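In what follows, a single structure is set out as structure tokens and then discussed.
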Amino acid sequence: MHGANKAAFALVDCNNFYASCEKLFRPDLKYTPVVVLSNNDGCIVARSKEAKALGVKMGMPLFQAQAMIRQYGIVCFSSNYALYADLSNRVMTILEEEAPRLEVYSIDEAFLDLTGIEYVMDLLTFGKQLKAKVDKWTGITVGVGIAPTKTLAKLANEAAKRYPATGAVVDLMNPERQKRLLSLVDVSDVWGVGRRITERLRARGIRTALDLANANPRVIRSEFSVVLERTVQELNGVSCLDLELVRPTKQQIICSRSFGHRITEKQELREAIAKYTTRAAEKLRREKRLCRVVNVFIRTSPHAQGGRYGNALSVELPNPTDDTRDLLDVTEVLFCRLWRDGFRYMKGGVMLADFYEYGVYQQDLFRTNSMKTNSQALMKVVDRINHSGHGSVFFASQGVSPQWAMKRNHLSPAYTTKWEELPKVW
DNA sequence: TCTGGGGTCCTAGGACCC
DNA sequence: TCTGGGGTCCTAGGACCC
């Protein structure tokens with residue numbers, strides 16, 4: 001290859017991210033097993049190294065883990081997304097300084113484009129320096145996997161985690177090393193291969209990542225999908241997935257939550273739906289979009305012993321809007337049509353879809369413009385107050401002192417918003 | 001008693017059009 | 001005997017991810 005740089009990606013991933021965030025502010029828990037719970041303290045969604053070693057499983061319902069928690073003195077935290085988002089930003093900022101072309105893939109992971117860096121510095125050395133810098137400046141430890149494709153970078157990152165001798169940094173640019181690692185990895189550990197596809201692959205005798213890499217891409221395409229075909233190419237070092245540098249605008253916005261307790265009163269569920277509508281409208285305005293399709297759903301627990309009920313309704317608005325009041329009008333009507341007496345509701349939510357940019361939509365000629373007077377100015381004020389961290393302006397339909405609010409019995413304090421409480425490392 | 005939330009992409013099939 | 005064929009749009013559902 002003349003003139004063309006060989007593509008190189010790094011995947012940087014924070015170790016046990018939520019649990020690490022909590023521990024950062026609790027040095028007394030340094031060697032204590034810690035878990036972080038999902039909304040409503042329902043499931044375990046993150047585990048510290050110690051908790052993993054004790055056999056606490058990801059996604060385990062809290063009630064099933066209670067015995068272990070007592071037995072081993074595991075410390076539980078309710079999820080505190082404001083804290084995690086803040087620490088994530090710190091990590092991403094440092095990564096961006098070292099490798100400006102980066103894709104923030106999730107709250108605790110980023111892909112970096114390292115193409116060309118090999119001419120300046122050995123990639124393994126670069127990775128080690130990057131890790132050291134993030135560890136030192138944030139107190140969050142990361143693993144780094146480097147490879148010619150994103151899919152291989154993911155595997156390199158897994159290996160960095162699995163083999164302590166690597167110092168949590170693995171350079172998988174070399175094809176021989178790729179083959180050796182692929183032969184050791186179960187096919188289910190490949191990025192993009194989930195439970196279903198694993199089963200189907202196994203039925204065809206494809207068990208390791210190397211088996212999948214050696215499969216015929218055309219056959220994989222016809223028997224599975226173009227998605228899996230790309231995976232095969234990527235495992236062979238042919239890059240098919242580029243960095244997504246600019247976050248594509250959302251196609252839909254969902255606000256839903258399981259309730260802190262089962263809801264049987266219509267008014268209570270109505271308030272919850274209004275609250276989700278309000279939150280969805282905020283997200284919509286942050287995206288700088290108008291929406292045209294609104295969907296509301298409510299349901300009982302799928303595990304409910306008594307009657308089960310679940311239903312959803314959508315409506316298309318005459319004109320796209322981002323006005324909370326327009327959306328509340330609509331979700332209220334949909335909710336009333338969905339509601340049935342006599343069930344114990346567990347969950348409800350609001351979904352917005354069919355987005356438009358400001359001023360770029362076809363007016364409905366047979367209706368007057370439904371945008372309310374001064375709507376933009378008013379919504380801006382409401383958003384500003386709600387993001388100021390002091391109290392909130394809310395719409396009366398949300399109710400004043402909601403009974404349905406999330407259970408968060410183990411919430412950590414708002415560390416990162418109070419300067420005095422920041423740990424020394426910062 | 002108690003089981004997360006929020007997304008993405010792809011495909012198949014039906015409706016509709018010319 | 002033999003019922004057009006191809007394109008587009010939309011939706012539902014499946015599969016995956018963190």
Side-chain angles (χ1 to χ4, degrees), chain A residues 11-19 35-47 57-67 69 76-81 84-85 88 103-111 150-151 154 157-158 187-201 220-231 240-241 244 247-262 276 279-280 283-284 287 292-293 295 297 299-306 308 312 314 316 344 346-355 406-409:
Chain A
L11 176 63
V12 180
D13 169 89
C14 301
N15 298 339
N16 317 318
F17 185 56
Y18 297 170
V35 297
V36 177
L37 308 172
S38 64
N39 290 321
N40 287 310
D41 297 344
C43 290
I44 289 167
V45 293
R47 308 153 294 158
K57 295 281 177 263
M58 182 71 174
M60 208 181 216
L62 179 60
F63 73 93
Q64 280 175 15
Q66 282 299 0
I69 287 168
C76 300
F77 288 94
S78 300
S79 44
N80 183 347
Y81 289 101
Y84 312 148
S88 174
E103 172 190 351
V104 176
Y105 180 70
S106 73
I107 193 163
D108 67 341
E109 278 175 68
F111 285 104
K150 285 170 129 182
T151 305
K154 270 270 189 188
N157 182 280
E158 286 296 310
V187 75
S188 62
D189 291 331
V190 174
W191 192 37
V193 177
R195 198 168 42 86
R196 292 304 178 100
I197 290 179
T198 298
E199 276 173 33
R200 290 171 56 198
L201 287 172
I220 293 292
R221 180 185 195 134
S222 65
E223 293 190 19
F224 292 85
S225 67
V226 291
V227 181
L228 196 61
E229 184 198 17
R230 282 200 284 260
T231 301
C240 303
L241 305 171
E244 286 167 28
R247 191 177 49 102
T249 48
K250 289 189 203 307
Q251 304 294 307
Q252 56 178 10
I253 288 170
I254 300 174
C255 280
S256 77
R257 207 112 332 175
S258 297
F259 308 123
H261 65 96
R262 299 291 183 257
Y276 300 149
R279 205 180 298 150
K283 288 193 196 176
L284 182 66
E287 289 284 315
R292 202 162 163 184
V293 167
N295 173 286
F297 65 91
R299 63 176 161 88
T300 62
S301 165
H303 310 284
Q305 298 302 310
R308 289 175 207 171
S314 290
E316 185 170 325
R344 301 175 67 239
M346 179 195 78
K347 187 174 182 177
V350 172
M351 186 178 111
L352 307 180
D354 195 9
F355 295 160
M406 272 202 288
K407 248 194 319 197
R408 290 173 98 186
N409 292 334

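It should be emphasised that the depicted structure is a prediction, and the values quoted were computed from it without experimental measurement. Chain letters run A, B, ... following the sequence lines, proteins first, then strands; residues in each count from 1.
- One interatomic measurement links the two molecules: CZ of Arg408(A) to P of dG4(B), which rounds to 17 Å at whole-angstrom precision.
- In this structure, of dA15(C), dG5(B), dC18(C), it is dC18(C) that holds the atom nearest to the side chain of Tyr105(A).
- A donor-acceptor pair under 3.5 Å is absent between the side-chain atoms of Arg257(A) and the main chain of Tyr276(A), judged by distance alone.
- Residue Arg230(A) places no side-chain N or O under 4.0 Å from the OP1 or OP2 atom of dC9(B).
- Residue-level contact check: Asp41(A) touches neither bases nor backbone, having no heavy atom under 4.0 Å from any strand.
- In this entry the distance linking CD of Glu103(A) with P of dC18(C) reads 12 Å, nearest Å.
- Among the atoms of the strands shown, only primed sugar atoms or phosphate atoms (P, OP1, OP2) are found under 4.0 Å from some heavy atom of Ile253(A).
- Looking at Arg47(A), its side chain never comes within 3.5 Å of a backbone N or O of Asn16(A) through a donor-acceptor pair.
- Contact annotation for Arg262(A): backbone-only contact, meaning every heavy-atom pair under 4.0 Å involves sugar-phosphate atoms and none involves a base.
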For DNA chain C, the dot-bracket notation using Watson-Crick and G-U wobble pairs below 3.5 Å, [ ] for pseudoknot-type crossings and | for other-strand pairs, is ....||||||||||||||

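- Distance alone, capped at 3.5 Å, places no donor-acceptor pair between the Asp108(A) side chain and the Phe17(A) backbone.
- For the pair Ser79(A) (side chain) and Tyr81(A) (backbone), a donor-acceptor distance under 3.5 Å is absent.
- Contact annotation: Lys347(A) side-chain N/O to dT3(B) OP1/OP2 distance is not under 4.0 Å.
- In this structure, Ser256(A) reaches the dG6(B) phosphate: one of its side-chain N or O atoms is under 4.0 Å from OP1 or OP2.
- Rounded to whole Å, atom P of dG5(B) lies 16 Å from atom CD1 of Ile44(A).
- Glu109(A) comes within 4.0 angstrom of the backbone, heavy atoms only, and of no base.
- Proximity of Lys154(A) to the phosphate of dC16(C): no side-chain N or O atom is located under 4.0 Å from OP1 or OP2.
- Among the protein residues, Val36(A) comes within range of no part of the nucleic acid, since none of its heavy atoms lies under 4.0 Å from any strand.
- Atom pair Asn295(A):CG and dG13(C):P shows a separation of 13 Å (rounding to whole Å applied).
- Ser301(A) and Arg308(A) make their closest contact through O-CG, 3.8 Å (heavy atoms, listed as atom of the first residue, atom of the second, distance).
- Residue Arg257(A) has its side chain nearest to dG6(B) when only dA15(C), dG6(B), dT3(B) are considered.
- Residue contacts shown for Gln251(A) are limited to sugar-phosphate atoms, with no base heavy atom under 4.0 Å away.
- Here the side chain of Asp41(A) pairs a donor or acceptor atom with the backbone of Asn409(A) at under 3.5 angstrom.
- Here Lys150(A) contributes atom NZ and Glu103(A) contributes atom CD; the two are 3.5 Å apart, rounded to the nearest 0.5 Å.
- Distances shorter than 4.0 Å separate some side-chain N or O of Ser258(A) from OP1 or OP2 on dG5(B).
- Residue Val227(A) places its side chain closer to dC10(B) than to any other of dC10(B), dT3(B), dT8(B).
- Nearer the 5' end of DNA chain B, as judged by each residue's closest nucleotide, is the contact made by Cys43(A), out of Arg279(A) and Cys43(A).
- The side chain of Arg196(A) lies closest to dA15(C) when the candidates are dC18(C), dT11(B), dA15(C).
- In this structure, Ile254(A) reaches the sugar-phosphate backbone alone: every heavy-atom distance under 4.0 Å involves primed, P, OP1 or OP2 atoms, never a base.
- A donor-acceptor pair under 3.5 Å links the side-chain atoms of Ser38(A) to the main chain of Cys43(A), judged by distance alone.
- One can place CE of Met58(A) at 8 Å from C1' of dC18(C), the figure rounded to the nearest angstrom.
- Met351(A) places its CE atom 13 Å from the P atom of dG13(C), with the value rounded to the nearest Å.
- Spacing between atom CD of Gln252(A) and atom P of dG5(B) amounts to 16 Å, rounded to whole angstrom units.
- Within the nucleic acid shown, Ile107(A) has no heavy atom closer than 4.0 Å to any nucleic acid atom.
- Nearer the 5' end of DNA chain B, as judged by each residue's closest nucleotide, is the contact made by His303(A), out of Ser225(A) and His303(A).
- Annotation for Tyr84(A) and Ser78(A): closest pair OH-O, 3.9 Å, computed over non-hydrogen atoms.
- Distance noted for atom P between dC17(C) and dT3(B): 25 Å (whole Å).
- Rounded to whole angstrom, the span from the OH atom of Tyr84(A) across to the P atom of dG5(B) amounts to 15 Å.
- For Asn39(A), the listed nucleotide lying nearest its side chain is dG4(B); candidates were dT3(B), dG6(B), dG4(B).
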